[in-house]
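Indexing begins at 1, ligand by ligand and atom by atom, following the structure's order.
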Amino acid sequence: MTAPLRIGIAGLGTVGAGVVKMLQQNAELITARAGRPVEVTCVSARDKAKKRDVDLSHYQWIDAPEAMASADVDIVVELMGGSEGTARNLVEASLKSGKAVITANKALLAEHGLALAALADAAKVPLMYEAAVAGGIPIIKALREGFAGNNIGAVYGILNGTCNYILTTMRETGRGFDDVLAEAQAKGYAEADPAFDVDGIDAAHKLSILTALAFGVKPAFGKVAIQGIRHITADDMEHARDLGYRIKLLGMARRMKDGAIVQTMEPTLVPQDSPIGAVDGVFNAVFVEGDFVHTSLLVGRGAGEGPTASAVLSDIIDIARGKTAPVYGVPADTLKDAKWGGAADIHSHFYMHLKVIDKTGVLADVAAILRDHNISVEAMIQRGRNPDQPVPIVMTTHETRYSDVLAACEKISGLKLVQAKPTVLRIEQF
Ligand SMILES: NC(=O)c1ccc[n+]([C@@H]2O[C@H](COP(=O)([O-])OP(=O)(O)OC[C@H]3O[C@@H](n4cnc5c(N)ncnc54)[C@H](OP(=O)(O)O)[C@@H]3O)[C@@H](O)[C@H]2O)c1
């Protein structure tokens, strides 16, 4: 029998415990597929005394996770999280000491991926991260291997299960954002501090990783135009439904006609009968558009113990098989500097939701501003009449420039009879 592959696991929370469980439960088939036994030799977390749901009695406990970089292991599996501190130190030290690294840490990759890829290349060791994006969907492998011969034009999808759960529940129950968020926290679907999820940061981290892989460019999290979902109301969900759409937090990386790449993460209206419109709850979905494969859609659970452990195991087995590739599919020093485009240049249909005082002339003022910004209205709904009181006006536009819509909304916000800033959402026709 070939020598076992020795792994150290730093972080024994949701993902780490899941990986231990899966290695124990599926040991026989993992050995067969890896071609050698996979043995956990050491583990680490913050609190040794903490009661955990898995049997760790056969593993050496390491107090300081960084020490795993010099432990007797072939692979260091970093499952602690955080873009700085212990996680970053451990990954850097492990790569420098010639150890393969597996991580689920999208924040670390989004912030420091390029430097870590260079370290991995220099040490000629793999740095694998299937679990970092869309958990149970093997999208990293798909982009690096399955679609490797394609010129990719776009990657887009739903990359945060918490937001998708909240938006789905708002739509199904008619409840407001705060109420549904509180329930998601109580059920463990959302963190106590939900900002990373609901403000779109977590999903943008993942998108920036996919962009680098898909287009062979240096990752640039800072170039993602990010909008979260806090401002989406129960009324928006209802209006979208009446217009035949659903609202999803959609991440999109697209190469434009002039070669620029635009990365956006924002709540977007998608047709309710489209494949992406049907991706509900904690599910994620990723579309890839390639010049030869055309459009492919992958759907699966985006997070949680099982799907994330499954992704980590696929990396472990790939390393055991000797089947690895550069971090972003090409050597780090050959990644190109992308020409980044801004969301302002996007041409699209838009949804606008205004609250106006129901008085004669207000619509004419709004229409004049839209005309002055070359925006033509496709459909308009005024919900009921309520003289001298606020009423919602909902519009969809024909294809127009994002920057023109935003400029028009600034002007509309300044009208005396308009209450609050209009909500503007992009509409994608898939
Ligand atoms: N949860 C998911 O569904 C999911 C999905 C995809 C990716 N990820 C990523 O996977 C990673 C882990 O997530 P998780 O949900 O498993 O987190 P978690 O449940 O909070 O677990 C984190 C683990 O890391 C340990 N840890 C944290 N900081 C540490 C430090 N400074 N020193 C030593 N140990 C430390 C904790 O120790 P104690 O147990 O002793 O406190 C805990 O065992 C993150 O990068 C996350 O973004 C998670």
Side-chain angles (χ1 to χ4, degrees), residues 8-22 40 42-54 56 59 61-69 71 76-91 93-94 101-113 116 127-140 158-165 184-185 187-197 201-210 221 281-284 286 300-315:
I9 301 177
L12 295 165
T14 306
V15 184
V19 170
V20 172
K21 225 179 263 178
M22 196 169 176
V40 178
C42 54
V43 294
S44 182
R46 250 183 313 234
D47 179 2
K48 189 178 179 185
K50 195 174 191 174
K51 204 170 152 10
R52 302 178 196 271
D53 196 17
V54 282
L56 303 172
Y59 314 141
W61 181 272
I62 294 188
D63 285 324
E66 283 100 333
M68 214 173 259
V76 170
V77 184
E78 185 281 305
L79 301 171
M80 296 179 289
S83 59
E84 302 298 336
T86 312
R88 183 180 178 191
N89 296 341
L90 172 61
V91 170
S94 302
V101 172
I102 295 172
T103 181
N105 191 336
K106 53 259 179 173
L108 176 72
L109 289 165
E111 300 284 352
H112 305 296
L116 295 175
L127 166 58
M128 312 276 276
Y129 54 95
E130 187 62 70
V133 183
I137 303 175
I139 185 61
I140 304 302
I158 297 170
L159 296 173
N160 184 281
T162 304
C163 287
N164 206 37
Y165 170 83
Q185 286 170 316
K187 285 187 172 171
Y189 294 157
E191 301 287 334
D193 176 3
F196 245 53
D197 287 321
I201 312 292
D202 171 80
H205 280 154
K206 297 170 188 167
L207 182 71
S208 68
I209 295 169
L210 295 184
F221 166 64
V282 296
F283 277 80
N284 282 194
V286 188
R301 285 176 196 279
E305 181 185 284
T308 317
S310 158
V312 172
L313 256 297
S314 91
D315 284 343

Residues which pass side-chain hydrogen bond (donor to acceptor under 3.5 Å, both in side chains) with E66, listed by chain and number, not counting sequence neighbours:
N89

Have Y165 and K187 got a donor and an acceptor in their side chains that come within less than 3.5 Å?
yes

Contacts of D315 that satisfy side-chain hydrogen bond (donor to acceptor under 3.5 Å, both in side chains) - sequence neighbours left out:
none

Near ligand 1, at a heavy-atom separation below 4.0 Å: residues by chain and residue number:
G11, L12, G13, T14, V15, A45, R46, D47, K50, R52, P65, L79, M80, G81, T86, A104, N105, K106, A131, A303, G304, T308

Could you go step by step and tell me if E111 and S83 meet the side chain to side chain donor-acceptor pair (under 3.5 Å) rule?
CA-CA 7 Å; E111 300 284 352; S83 59; 5.0 Å; no

Do I9 and V76 touch side chain to side chain, with heavy atoms closer than 4.5 Å?
no

How would you list, by chain and number, every residue that makes a side chain to side chain contact (heavy atoms under 4.5 Å, CB included) with E191, sequence neighbours excluded?
D197

